[in-house]
Amino acid sequence: MTSKLGITVAVDLSSESAVVSPLGQLTVRNVPSLIAVARRTGSFGYGLGVVVDLRSLTAADPEAVTMIRDSGWQGTHLLESGPAGRVRAA
């Protein structure tokens, strides 16, 4: 799997939230970059609730998703596609 990943951060100060949306293929090689962006987004100092939305990925290595969960990232939600396209929040 090619490790090309783009990351978009949308911040809404009025609702005190931010959405981190990676695009492309999430792998164990590029997941540290995603975790770093999510942590930096949460550290802006506005008390932002951070959501990492994995639903736009073209592919995700299950081990990479586990790495996000096990990273100690203190965000609000991790949205991912589950079986049959359902969305799960962790």
Side-chain angles (χ1 to χ4, degrees):
M1 184 182 317
T2 306
S3 61
K4 188 76 170 169
L5 186 69
I7 302 172
T8 302
V9 177
V11 178
D12 183 357
L13 294 177
S14 64
S15 67
E16 298 178 345
S17 65
V19 178
V20 178
S21 301
L23 304 168
Q25 300 177 353
L26 184 66
T27 66
V28 295
R29 290 188 71 187
N30 63 25
V31 76
S33 299
L34 175 60
I35 293 168
V37 169
R39 284 188 176 152
R40 277 185 242 148
T41 301
S43 69
F44 284 150
Y46 301 111
L48 296 175
V50 179
V51 175
V52 175
D53 186 354
L54 303 180
R55 296 176 294 175
S56 297
L57 291 171
T58 55
D61 185 346
E63 188 176 339
V65 176
T66 301
M67 287 172 68
I68 295 171
R69 284 193 203 112
D70 295 344
S71 70
W73 168 67
Q74 299 299 313
T76 309
H77 292 289
L78 174 65
L79 299 178
E80 60 184 291
S81 294
R86 291 189 306 254
V87 175
R88 227 173 43 204

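Predicted, not measured: the structure shown is a model, and the values here were computed from it.
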From D12 CG over to L48 CG, what is the distance, rounded to the nearest 0.5 angstrom?
-> 9.0 Å

Taking the side chain as C-beta and beyond, is there a heavy-atom pair between D70 and M67 under 4.5 Å?
-> no

Compare every heavy atom of A18 with every heavy atom of V11, then report the nearest pair and how far apart it is.
-> CG2-CB, 4.1 Å

Should L23 and L34 be counted in the same cluster of Ile, Leu, Val, Met, Phe, Trp and Tyr side chains packed under 4.5 Å apart?
-> no

For V52 and V37, what are the C-alpha separation, side-chain angles and deciding distance, and is it a side chain to side chain contact (heavy atoms under 4.5 Å, CB included)?
-> CA-CA 10 Å; V52 175; V37 169; over 6 Å; no

With T41, which residues qualify under side chain to side chain donor-acceptor pair (under 3.5 Å), at least two apart?
-> none

Indicate whether any N or O donor in one side chain lies under 3.5 Å from an N or O acceptor in the other, for N30 and S33.
-> no

Using the salt bridge (Lys or Arg N to Asp or Glu O under 4.0 Å) rule, collect all pairs that involve residues 45-54, keeping only residues at least two apart or in two chains.
-> D53-R55

Output for pair (D61 CG, R29 CZ), nearest 0.5 Å, gives 12.5 Å

Heavy atoms of A60 and V65 approach each other most closely as CB-CG2, 4.2 Å

When I35, L54, V50 are each screened for side-chain contact (heavy atoms from CB on, under 4.5 Å) with V20, the one that passes is V50

Side chain of S17, backbone of L13: donor and acceptor closer than 3.5 Å?
-> no

Flag the pair Q25 / L5 as yes when at least one side-chain heavy-atom distance between them is below 4.5 Å, and no otherwise.
-> no

